[in-house]
Amino acid sequence: MKEPVSDIVQKAFKLAQKARENAYADYSKVKVGAAMKAKGSDELFYGANVEVVVNGASVCAERSAVSGMVTGLGGKPELEFVVVCSNTKPALYPCGVCLQVMSEFCSPELDIYIANKDEILEKVKFKDLMPNQYSELPKVLDE
């Protein structure tokens with residue numbers, strides 16, 4: 001990544017790397033770690049993917065980290081940034097399910113840092129990955 005990242009983003013990347021190393025991915029061998037920071041909190045939350053034989057019961061790293069954030073802070077914290085670190089080429093972006101979960105806790109301007117196991121490669125905005133954010137129930141027009 002050409003532009004420098006802040007110390008806190010670099011610290012989150014290190015946590016995402018560690019989480020990725022601890023991922024349980026015996027089936028696909030794809031290991032992902034994620035770390036995130038909520039606005040107004042100095043704490044970083046992180047998680048790893050956990051694959052099980054029934055794929056639908058598996059948990060992505062981003063959702064694991066969101067669960068930790070909600071458990072640690074309570075309520076509905078707003079994400080300040082997210083780092084996703086994978087052992088793949090190309091590096092992985094959050095999946096659609098993870099984007100949907102994160103949409104409950106972020107603005108369209110959320111910075112998401114995409115990394116491989118060695119370095120942060122890119123910064124993208126949430127709105128570029130999920131342009132039609134669906135974070136609240138729509139009003140029903142015909143009852």
Side-chain angles (χ1 to χ4, degrees), residues 1-140:
M1 186 167 155
K2 294 182 189 219
E3 76 180 67
V5 297
S6 67
D7 290 344
I8 192 72
V9 170
Q10 193 61 39
K11 184 176 178 183
F13 171 59
K14 296 290 185 197
L15 286 173
Q17 283 179 309
K18 181 174 174 40
R20 183 197 56 77
E21 290 169 4
N22 291 339
Y24 177 72
D26 283 5
Y27 301 98
S28 72
K29 307 298 185 216
V30 174
K31 292 187 170 191
V32 181
M36 53 189 59
K37 182 180 179 305
K39 291 182 178 179
S41 173
D42 293 331
E43 194 170 352
L44 293 170
F45 298 91
Y46 57 98
N49 61 312
V50 178
E51 290 181 355
V52 294
V53 70
V54 177
N55 194 36
S58 297
V59 178
C60 296
E62 299 91 330
R63 287 184 283 145
S64 176
V66 166
S67 293
M69 178 183 70
V70 171
T71 301
L73 298 177
K76 188 177 178 182
E78 184 179 351
L79 286 166
E80 186 173 319
F81 67 82
V82 174
V83 178
V84 179
C85 175
S86 64
N87 68 338
T88 61
K89 185 174 182 179
L92 297 178
Y93 291 77
C95 73
V97 173
C98 289
L99 289 170
Q100 181 58 53
V101 170
M102 288 190 301
S103 75
E104 294 274 329
F105 304 96
C106 75
S107 78
E109 296 300 320
L110 174 71
D111 288 331
I112 301 175
Y113 294 87
I114 306 303
N116 62 22
K117 64 185 189 66
D118 300 316
E119 63 182 331
I120 296 173
L121 303 170
E122 180 181 10
K123 177 175 78 172
V124 296
K125 296 287 187 189
F126 180 88
K127 67 182 179 183
D128 294 328
L129 300 180
M130 190 175 191
N132 299 304
Q133 188 172 357
Y134 182 61
S135 59
E136 57 185 57
L137 293 175
K139 291 183 181 179
V140 176

Q: May I ask you to test the P94-I112 pair for a side-chain heavy-atom distance under 4.5 Å?
A: yes

(Q) Distance check, rounded to the nearest 0.5 Å: S6 atom OG versus K11 atom NZ? (A) 11.5 Å

Q. Is it true that atom CG of D26 has more than 12 heavy atoms of other residues, nucleotides or ligands lying nearer than 6.0 Å?
A. yes

Q. What pair of heavy atoms forms the shortest contact from A19 to A48, and how long is it?
A. O-CB, 3.2 Å

Q | Partner residues of Y113 under the side-chain contact (heavy atoms from CB on, under 4.5 Å) criterion, sequence neighbours left out | A | M1, V5, V9, F81, V83, D111, I120, K123

**Q.** Gap separating the CG atom of L110 from the CE atom of M36, nearest 0.5 angstrom
**A.** 8.5 Å

Q. What residues, two or more places apart in sequence or in another chain, satisfy side chain to side chain donor-acceptor pair (under 3.5 Å) together with T88?
A. S86

Q | Approximate separation, where rounding is to 0.5 Å, of I114 CD1 and L129 CG | A | 6.5 Å

Q. With K14, which residues qualify under salt bridge (charged side-chain N to carboxylate O under 4.0 Å, His left out), at least two apart?
A. none

Q. For the atom pair CG (L99) and OH (Y93), what is the distance rounded to the nearest 0.5 Å?
A. 12.0 Å

(Q) I need the D128 CG to E109 CD distance, nearest 0.5 Å. (A) 8.5 Å

Q. Does the side chain to side chain contact (heavy atoms under 4.5 Å, CB included) test come out yes or no for S41 and L73, once each step is laid out?
A. CA-CA 8 Å; S41 173; L73 298 177; 3.8 Å; yes

Q) Considering residues at least two apart in sequence or located in another chain, which fulfil the side chain to side chain donor-acceptor pair (under 3.5 Å) criterion with K117? A) none

Q) Y27 versus N55: any side-chain heavy-atom pair under 4.5 Å? A) no

Q) Taking side chain as C-beta onward, heavy atoms only, is V66 less than 4.5 Å from E104? A) no

Q: For side chain to side chain contact (heavy atoms under 4.5 Å, CB included), just list the numbers for N116 and N87, CA-CA rounded to whole Å, side-chain angles, deciding distance to a tenth of an Å, and then say yes or no.
A: CA-CA 6 Å; N116 62 22; N87 68 338; over 6 Å; no

Q. Any salt bridge (charged side-chain N to carboxylate O under 4.0 Å, His left out) pairs touching residues 73-102, not counting sequence neighbours?
A. K37-E80, K39-E78

Q: Just grab all the salt bridge (charged side-chain N to carboxylate O under 4.0 Å, His left out) pairs involving residues 42-65, residues at least two apart or on different chains.
A: none

Q | side-chain contact (heavy atoms from CB on, under 4.5 Å) involving V52 - partner list, sequence neighbours excluded | A | A57, S58

Q | Residues which pass side-chain contact (heavy atoms from CB on, under 4.5 Å) with A35, listed by chain and number, not counting sequence neighbours | A | A12, L15, A16, Y46

Q) For the residue pair A23 and N49, what are the closest heavy atoms and their distance? A) CB-OD1, 3.0 Å

**Q.** Min side-chain heavy-atom separation V50-S64 under 4.5 Å
**A.** no

Q. Should we count NZ of K125 as having more than 12 external heavy atoms under 6.0 Å?
A. yes

(Q) Can you tell me if N132 has over 12 outside heavy atoms packed within less than 6.0 Å of its CG? (A) no

Q) Is F105 close to M69 at the side-chain level, that is, under 4.5 Å between some pair of heavy atoms? A) yes

**Q.** From M130 atom CE to M102 atom CE, the distance as rounded to the nearest 0.5 Å
**A.** 9.0 Å

Q) Of all heavy-atom pairs between A91 and A115, which one has the smallest distance, and what is that distance? A) CB-O, 3.5 Å

Q) Can you name the residues that form a side-chain contact (heavy atoms from CB on, under 4.5 Å) with Q133, not counting sequence neighbours? A) S103, C106, P108, F126, S135

Q.
Under the rule for side chain to side chain donor-acceptor pair (under 3.5 Å), what residues qualify as partners of E119, not counting sequence neighbours?
A. none

Q: Work out which heavy atom in V70 is nearest to a heavy atom in G75; give both atom names and the distance.
A: CG1-O, 4.0 Å

